[in-house]
> 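Quick one: the structure is below, questions incoming.
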Amino acid sequence: MSYLDFPRFHFFGRCSIDPPTINNIRQNYNTGNTDPTPFWCPHGSGDFWFVDCLITSAFEASGRHLHLEADDALIGGPLGCREDPDRGAAKLVDLDTDQQNVSTVYGMRLQWPLRGTNRTLVAGVDPVSAKSLWPNVIQTFGFGQVTMTLAAASFQTVVGVAEADWPEHRPESPVLQNLREACAVVNGCRVLSLKFVIDASITGRASAQFSTGRVVGTLGPWKQGEPYHCPNRRWLVPGPKPNATSPPPGWKSQWPPWDFASFNGAPFCVDETHRRFTIDPGNSRQFTTPGGPAVNAGRLVAVIPDSSGDPAKETVHGLVDYSESRHRKAAGIAELALTPDQIALLATRPLQIEARIAGLNRVIVLAEDPASLDYALDQRVFRMAHDTPEIAVQTTTAYVTRFGKPAAGVELSPQLQPSATGGVPCGSDCIHLEAGASDECGQAVILIRAVRNPGHPLDRPGGLDGQVFLFELLTGPRQTNVARDERLISIHLYEDCPVPQTPSWKQVRDIFMPYKALYPNMFERVDLTDPDAFRAFAPLIAQRLQLPFDHPKYMPVTRDMSPHKTQLVLSYLQGASKAEVLLPLPLSPVSPPYQLSFAEKQYPPGQPTLPALQSFCAARLPGSSQWLIVGGQTKGIHGFALGDDLNPNLYLIDPETRRFQSFGLVGQLKRPSVTEPLTMTNAQSFYTAGWGYYYQLGGYGSDGNSARPITFDTLTRFRLADMIAAITESPQPRLARILGLIEQVRDARVTVTGGALLRLGGQMFLVCGQNFTVVVGELNSTAIYTEQVRCFHLRADGVLGTVDSTYGATPDPGNHEFHRRDLNVVPTSTPTPGTRI
């Protein structure tokens, strides 16, 4: 199963492409280049998303084509990219200046609503790299370099829709129901196969559609064990072009311009169940103008040649529809009916596509390998470093077929190819590839090892790291002059960068210096070569450097910083935070600089009653009016036994609209060990947008094991934006997702209720409070005050740590000023340098 199979649906529209083009040329990386060539989008952010896309048609599992809105609730609806506040837009990133043909999209999420319902499906998209980049506008041949406006590329990957979000029974959308039944489930997600083609990018700033391109695409089923990034089907390669110096007689008068259209390679399959031949020429045809109609190539006829080569004995089985309508409605994918005899012939014979026009000899525009042997790599793009175990050894899988069936015993051998700059990289022994024969499933695992430092070649500017290696997998001599992208492995091998125990600011600045000229979009936000700006944004920089590699906000967006350089910057940040001394704010004048006024908020009649709570924790995202409320009590006057007074829900409350949502922690998660520390009162909490995490510790609540009130020794955290999204994305929040967001550790030193938690100078301060426990009834209790200000570091990366070794405690100075709980704690400005609370 794949996007070529049934059921499937298609979409058509535009995509926004915003690459930082100033990094597209080697010379711009020279340190002394003060006037870099900007190209068409120098201030690009790298953002990538679909815009104005509509679902245009669909196929049921039976193969019936649906193209009317009345046929299925999907058709006519929008398909777009979801941009969550904490993730931002997806990013389109080159591997390197010397390899720009495999640009990869990271962090994309698709969404499409089911028309006529309140249901919207959201799908996470695996990182996907471009392939089959070629000039698909006929006027470009012989006219120099191919630009984005004249080029097309295809992308294939998989997307996952959470099983809990997928509607089980939707009679208004038979295609959605068919897909649910056809797709494999992996890690709680229904997995679909996605293919899309981008062309006709607009690079003229005068256009209202500047920095956008045309996109057509298909979503179909995916089955366990199938490749993610290649179709694993039969393949047609381009036939020879007519001789440009001697066009056929009559060609010029009938074909202005006379130069016949070229074709790019295309996958196809033989569907024996539905007796159909399916071909995908979505990235195979040429167009007269960018985004314009396809070049008229006459009739495209699918032919099964006779083994004798006698044209009189060949089998013709239909015309291939390559019309503009087919491109828009079905992403160019076309089907032809097959007879049982034709199916039998195609099991042992290759296929070819011929262009026929009256008065001219027929031209073979696409043809299958005579042996019908095809092989393609799943993963083709790698970033490696020989001394970083996580990326020193990597693997990919080649899928080998013969006449569309798995082919065993096919030997594959890697061959180093010249780089994009024309030469073979120096130090070619830095990378070792091991490839064997395909197994009975037609799969061959390729082992890739980075074995030594590639160094820095003299012809590579100093701002570029390491080298780029390009390997092709071959089964023998290549049959054409052009290597197929699906058989190429692109590797960016980082050079060594020793990490000193105490990095200097100069070393950090030198790492970021090339970005200053090459990525103005980033430096317009913060100059990372300015020490004051760097320190001011230090927490955010550390958080972005440690995000998962496929996260849209991973830093740098270009992903061209090696792990060792990243570690050097992080080591500098860690050392700087330990030695950090914050200067005080300027002292206020005698008269107050501002005044506060209060007014009661009046709501229209009939608005819902907000929940009655006290002593809760709260946090909100920057710019949002929604507050997430955690814990608290439901009674204004309470005893210490608590009973059912504790808030069992998470609330999302918008004071501006008086609207709120709730999620029943206790009633739905059914995990007391997780929920009890979150259904408490008087806990300490903290949230900062720079880290993205909500932290909460301690608090007074009910212990389910002993059925008595205790002060919790639990430190909890979760990403605030993810938690809000999980609660709001559907009428019934995904329990597994919410549970997976909550991370907890236990530490006796955070057993505090009624204290205060704040952050200053890179440290967290837990101020005062007590450990309160009811022993017998309400009147027999213990309340042990901490009489301390406890300070510690909480890591801002993706690993939740306990209160660590930098923990410290300031003892009671003897005057009982620290014998407190339920107190106000604020940062204070003082005349002398230092941090004060």
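Predicted, not measured: the structure shown is a model, and the values here were computed from it. Quick note: numbers below take in every heavy atom, side chains included, and nothing from hydrogens, waters or symmetry partners.
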> Heavy-atom distance under 4.5 Å between the side chains of Val400 and Leu373, does that happen here?
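In contact.
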> I need the single residue from Arg383, Arg26, Arg460 that forms a salt bridge (charged side-chain N to carboxylate O under 4.0 Å, His left out) with Asp96. Which is it?
Arg460
> When you measure from the centre of the six-membered ring of Trp49, is the NZ or CZ of Arg82 closer than 6.0 Å and no more than 45° off the axis?
no
> In Å, rounded to the nearest 0.5 Å, how long is the span from CG of Leu447 to NE2 of His432?
11.5 Å
> Hey, mind stepping through Thr104 and Val128 against side chain to side chain contact (heavy atoms under 4.5 Å, CB included) and telling me if it holds?
CA-CA 5 Å; Thr104 303; Val128 54; 5.8 Å; no
> Would you say the side-chain atoms of Thr21 pair up with the backbone N or O of Cys41, donor to acceptor, closer than 3.5 Å?
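Between the backbone of Cys41 and the side chain of Thr21 there is a qualifying donor-acceptor contact (under 3.5 Å).
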> Is there a side chain to side chain contact (heavy atoms under 4.5 Å, CB included) between Ile491 and Ile448 once you walk through the steps?
CA-CA 10 Å; Ile491 302 169; Ile448 310 169; 3.8 Å; yes
> Roughly how far, to the nearest 0.5 Å, is NE2 of His386 from CD1 of Ile391?
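Answer rounded to 0.5 Å: 11.0 Å.
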> Do Val191 and Cys183 touch side chain to side chain, with heavy atoms closer than 4.5 Å?
no
> Which atom pair, heavy atoms only, marks the closest approach of Leu366 to Gly265?
CD2-CA, 4.4 Å
> Given the rule in the side chain to side chain contact (heavy atoms under 4.5 Å, CB included) test, do Leu219 and Tyr3 qualify, once you have shown the distances and angles that lead to the verdict?
CA-CA 6 Å; Leu219 278 154; Tyr3 76 94; over 6 Å; no
> Please lay out, stage by stage, how Asp18 and Ser45 fare under the test side chain to side chain donor-acceptor pair (under 3.5 Å).
CA-CA 6 Å; Asp18 190 36; Ser45 63; 2.8 Å; yes
> I want to check a possible cation-pi pair here: Arg559 against Tyr554, using under 6.0 Å from ring centre and within 45° of the ring axis as the test.
no
> Checking the side chain of Gln99 only, and the main-chain atoms of Asn101 only, is there a donor and an acceptor separated by less than 3.5 Å?
yes
> Under a 3.5 Å cutoff, is there a donor and acceptor pairing between the side chains of Ser103 and Asp94?
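Ser103 vs Asp94: donor-acceptor pair found between side chains.
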> So, for Phe196 and Phe50, is the gap between ring centers shorter than 6.0 Å?
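That pair passes the under 6.0 Å test.
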> What's the verdict on salt bridge (Lys or Arg N to Asp or Glu O under 4.0 Å) for Lys223 and Asp5, showing C-alpha distance, side-chain angles and the deciding distance?
CA-CA 11 Å; Lys223 287 294 185 182; Asp5 295 304; over 6 Å; no
> Closer than 4.0 angstrom, basic N to acidic O: yes or no for Asp374 and Arg234?
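Judged by the 4.0 Å cut-off on N to carboxylate O distance, Asp374 and Arg234 do not form a salt bridge.
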> Test side chain to side chain donor-acceptor pair (under 3.5 Å) on Gln156 and His229 and set out the steps.
CA-CA 5 Å; Gln156 184 181 341; His229 305 293; over 6 Å; no
> Quick check for you: to the nearest 0.5 Å, what is the distance between Gln507 atom CD and Leu568 atom CG?
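Those atoms lie 5.5 Å apart.
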> What's the verdict on salt bridge (Lys or Arg N to Asp or Glu O under 4.0 Å) for Asp485 and Arg380, showing C-alpha distance, side-chain angles and the deciding distance?
CA-CA 9 Å; Asp485 278 1; Arg380 302 174 297 110; 5.2 Å; no
> Let me see the working for Asp722 and Tyr693 under side chain to side chain donor-acceptor pair (under 3.5 Å), right down to the final yes or no.
CA-CA 10 Å; Asp722 288 347; Tyr693 281 101; over 6 Å; no
> Charged N to carboxylate O below 4.0 Å: is that the case for Asp280 and Lys195?
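Here Asp280 pairs with Lys195 in a salt bridge, since their nearest N and O are under 4.0 Å apart.
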> Just wondering, do Trp235 and Thr401 contact through their side chains at under 4.5 Å, heavy atoms?
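Not in contact.
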> Search all heavy atoms of Pro406 against all heavy atoms of Gly442 and return the closest pair with its distance.
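Smallest heavy-atom distance, with atoms named: CB-N, 3.8 Å.
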> Does the side chain of Thr529 reach to within under 4.5 Å of the side chain of Lys516, using non-hydrogen atoms?
yes
> I'd like to know whether Asp126 forms a side chain to side chain donor-acceptor pair (under 3.5 Å) with Tyr228, so could you lay out the CA-CA distance, the side-chain angles of the two residues, the decisive distance to 0.1 Å, and finally the verdict.
CA-CA 9 Å; Asp126 267 27; Tyr228 287 178; 5.3 Å; no
> Under a plain distance cut-off of 3.5 Å, with no hydrogens placed, do His456 and Asp465 share a side-chain donor-acceptor pair?
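Not at all, the side chains of Asp465 and His456 share no donor-acceptor pair under 3.5 Å.
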> Quick one: closest heavy-atom pair of Arg544 and Lys553, and the distance?
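It is CD-O, 3.1 Å.
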> Could you walk me through whether Leu464 and Glu495 pass the side chain to side chain contact (heavy atoms under 4.5 Å, CB included) check?
CA-CA 10 Å; Leu464 289 168; Glu495 60 194 73; over 6 Å; no
> Mind running ring-ring contact (aromatic ring centres under 6.0 Å, His included) on Phe48 and Tyr106 for me, showing each step along the way?
CA-CA 9 Å; Phe48 177 91; Tyr106 292 98; over 10 Å; no
> Verify whether one side chain among Thr397 and Gln443 offers a donor that lies under 3.5 Å from an acceptor in the other.
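Result is no, nothing qualifies.
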> Out of curiosity, Leu236 CG to Phe263 CZ, how far, rounded to the nearest 0.5 Å?
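The CZ atom of Phe263 is 11.0 Å from CG of Leu236, to the nearest 0.5 Å.
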> Do His551 and Phe549 have ring centres separated by under 6.0 Å?
no
> Ignoring hydrogens and angles, tell me if any N or O in the side chain of Asn28 forms a donor-acceptor pair with the backbone of Thr37 under 3.5 Å.
yes
> For the pair Ser2 (side chain) and Gly220 (backbone), establish whether a donor and an acceptor sit closer than 3.5 Å, ignoring hydrogens and angles.
no
> Check Ala90 against Pro552 and note the closest heavy-atom contact, atom names and distance.
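Minimum heavy-atom contact is CA-CB, 4.4 Å.
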> Given side chains that start at C-beta, do those of Val569 and Ile511 come closer than 4.5 Å, heavy atoms only?
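A side-chain contact under 4.5 Å exists here.
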> If I take atom OH from residue Tyr29 and atom CD1 from residue Ile22, how far apart are they, to the nearest 0.5 angstrom?
9.5 Å
> For Ala331, what residues pass the side chain to side chain contact (heavy atoms under 4.5 Å, CB included) criterion, not counting sequence neighbours?
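With neighbours one apart ignored, the set is His10, Val216, Thr218.
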> With a 3.5 Å cut-off and no angle check, do the side chains of Tyr515 and Asp560 form a donor-acceptor pair?
yes
> Indicate yes or no: does Arg484 engage Glu472 in a salt bridge with an N to O separation below 4.0 Å.
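Result for this pair is no, no salt bridge flagged.
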> Report yes if the side chains of Pro563 and Tyr494 come closer than 4.5 Å at any heavy-atom pair, otherwise no.
yes
> Which pairs, with at least one residue in residues 390-406 and sequence neighbours excluded, count as a salt bridge (Lys or Arg N to Asp or Glu O under 4.0 Å)?
Glu272-Lys405
> Are the side chains of Gln417 and Phe469 in touch, meaning some heavy atoms are under 4.5 Å apart?
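No, their side chains stay 4.5 Å or more apart.
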> I'd like to know if the side chain of Gln543 and the backbone of Leu545 have a donor-acceptor N/O pair within less than 3.5 Å.
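Not confirmed, Gln543 side chain does not pair with Leu545 backbone.
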> Taking all non-hydrogen atoms of both residues into account, name the closest pair between Ile333 and Arg8 and its distance.
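Taking every non-hydrogen atom into account, CG2-NH2, 3.5 Å.
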> Could you check whether Ser132 and Glu486, counting side-chain N and O atoms only, form a donor-acceptor pair closer than 3.5 Å?
yes
> Measure the spacing between CD of Glu368 and CG of Leu346 and express it to the nearest 0.5 Å.
8.0 Å
> Quick one: does Asn283's side chain get under 4.5 Å of Trp134's, heavy atoms only?
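Yes, side chains in contact.
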> Any sub-3.5 Å donor-acceptor pair from Gln546's side-chain atoms to Ala542's backbone N or O?
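Looks like yes, one N/O pair under 3.5 Å.
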